[in-house]
Amino acid sequence: MASTARDDRSEGVEFIHEDDGSITARDLETGIASFGETKAEALEMLAEVLTLHEGGGEPVTDDDLREWGIDPDEMDDKPLPDFMK
């Protein structure tokens, strides 16, 4: 459960201090959120998530799959989900 003992907002971002000590950064315009151990880390992660949400980033490659321990040759012929394209 999150604790919001104080109003902690900055430039369109709300910071939520979680009970486990982490900090959630939530973009007030989109509602998208991410977290980190510090405000800086939470903002960095939020920036990455927002970039991906807006269509940025690179498509997943076979090399990426191998790096994550997935053999692309063993995958079935189903199309990739949109978030992996």
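Heavy-atom minimum distance, F35 versus M45: O-CG, 3.6 Å.
Under a hydrophobic-cluster definition in which Ile, Leu, Val, Met, Phe, Trp and Tyr are linked whenever side-chain heavy atoms come within less than 4.5 Å, directly or via other members, V13 and V49 are assigned to the same cluster. Note on L43: it clusters hydrophobically with I23, by side-chain heavy-atom contacts below 4.5 Å among ILVMFWY residues.
Residues P72 and R66 have side chains in contact (heavy-atom distance under 4.5 Å, counting atoms from C-beta outward).
Residues forming a side-chain contact (heavy atoms from CB on, under 4.5 Å) with T30 (at least two apart in sequence, or on another chain): D27, I32, L50. Listed by chain and number, the residues in a side-chain contact (heavy atoms from CB on, under 4.5 Å) with A33 are T24, R26 (sequence neighbours excluded). Shown here are the side-chain contact (heavy atoms from CB on, under 4.5 Å) partners of E44, two or more places apart in sequence or in another chain: there are none. In this structure, the side chain to side chain donor-acceptor pair (under 3.5 Å) partners of D64, at least two apart in sequence or on a different chain, are T61.
No donor-acceptor distance shorter than 3.5 angstrom exists from the side chain of S22 to the backbone of E18, with no hydrogens or angles considered.
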